Amino acid sequence: MKLELERKSVWQIVDKKENDEIFAYGERYKNFLDSAKTERESCDFIIKKAIENGFISLEEAIKSEIKAGDKIYLNNKNKSAVLMIVGKDITEGMHIVGSHIDCPRLDLKQNPLYEDSEMAMFKTHYYGGIRKYQWPTIQLALHGFVVNSKGEKLNIIIGEDENDPIFYINDLLPHLGADQNKKTLAEGVTGESLNVIVGHSSFGIEDEKNPIKMSVLKYLNEKFGMIESDFQVAEFEIVPAAKARDVGFDRAMIAGHGHDDRICSYANLEAILEIKNPEITAVGLFVDKEEIGSVGNASMSAKFFENFVAEVLATRKNYSDILLRRAMAKSKVLSADVTAAIDPNHKEVMDDKNGAMSGFGVTMSKYTGARGKSGSNDANAEFIAELRDLFKENNVVWQTGELGKVDQGGGGTIAYILAEYGMEVVDMGTPMLSMHAPVELASKADAYMTKKAYKAFLG
Ligand code: MN
Ligand code: MN
């Protein structure tokens, strides 16, 4: 028996067959990243896959008594989703994997369009914890949902097709950077300076105060039937225009927008779609607004999942509130969110004995939080011990991690929200680099092991 903890890379453990599976999984995951760059697009992708795989809507499902083997989905506001496969008895608890499908990005303000210095610009308001200096001088795409004044609902994507134009935030030239250079990284680029160039030519527009702005409005009206006031009711997001790409000679990593948390969300989706007749009810949660503190009615704090379970239980003849409480309290949860991996360029912020290593597998964080574990869920040893056995049985390569050195900072997930019901919850997700950057980096081995872990847990 080995006395010492062995830490080993996934690449050193898997056989040829599983190595091939890692790369095949990477291709499917990249397709998800490219197809779903906003929470709405992710929700749409997830619901479509669920329907293809025999899931029926909650409304349809509750028309008769729900039984083991039923596959049910909920589309909550087109921004979050629940997929459930019913087991023997829901009141015995559920196995839940909870991930989020919103990502840090720039949103357009409600009155975004103006003209300055011969350019038409959009004003933005960033969403989530971004590092502002990372957003200028990269190629950007626009993803939006508009209900125009004619009442038409439009999904607009510009900048993803290679024949599309892209959008751009300019930055100072080094020659004139003397004052900016003296500022801190946090202050060098301000929120109000993250204005996106969306037009330049005034050709063909005469006698106008803002001909370039007018030219943009003319385009939007001809193409989408939009008028300027439609921005007031629209949701537009600015994301990098880049597709997810392999990184390195060996193609073993992926650079892409939104690994946090689509890498766990996609693992969650594939895992639950592959589960057949679980003993314990299996649930995949895909929620919105995690990056801004789980607020709003599409977030984990909203009661849509609790209501979903109540609706399912209410199809029984003997429904009472206590059944719902039991179902929730006896449940077990993997809070599916990313964590920081040790960055070879910035090792000083991590404890190398406890930080997650890229390529060492899916990562369990017993606690997150900041300072003295403030805001943390701090999972119970009994539950983690169960998972250890489960992962051993299923050859899941996993490691422990934490979000940086004790005094360095910290972060949170949706773990604490589900714990409020009495559920056993632990953070279990993919380690990654450059978290919250426009384009983030993760290992294909870790992405694959994340899915393998979720599948073993769900059933
Ligand atoms: Mn996250
Ligand atoms: Mn995050």
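Both ligands and their constituent atoms are indexed starting at 1 by order of listing. These numbers were taken from a predicted model, which means no experiment stands behind them.
For the residue pair His100 and Asp260, a side-chain donor N or O sits within less than 3.5 Å of a side-chain acceptor on the partner. Between Thr413 and Thr368, the side chains place no donor N or O within less than 3.5 Å of an acceptor N or O (distance only, hydrogens not considered).
For the pair NE2 of His436 and OE1 of Glu291, the angle whose vertex sits at the Mn ion (ligand 2) is 80° to 10 degrees.
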* Using the ring pair (Phe, Tyr, Trp, His ring centres under 6.0 Å) rule, take Tyr73 and Phe286 through it: C-alpha gap first, then chi angles, then the decisive distance, then the call. => CA-CA 11 Å; Tyr73 74 82; Phe286 307 86; over 10 Å; no

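For residue Asp260, an N/O/S atom approaches the Mn ion (ligand 1) to within less than 2.8 Å.
Sorting the N, O or S atoms of Asp337 by how far they are from the Mn ion (ligand 1) puts OD1 first. The nearest N/O/S atom of His100 to the Mn ion (ligand 1) is NE2.
Side-chain rings of Phe122 and Phe167 stay apart, their centers remaining 6.0 Å or farther from each other.
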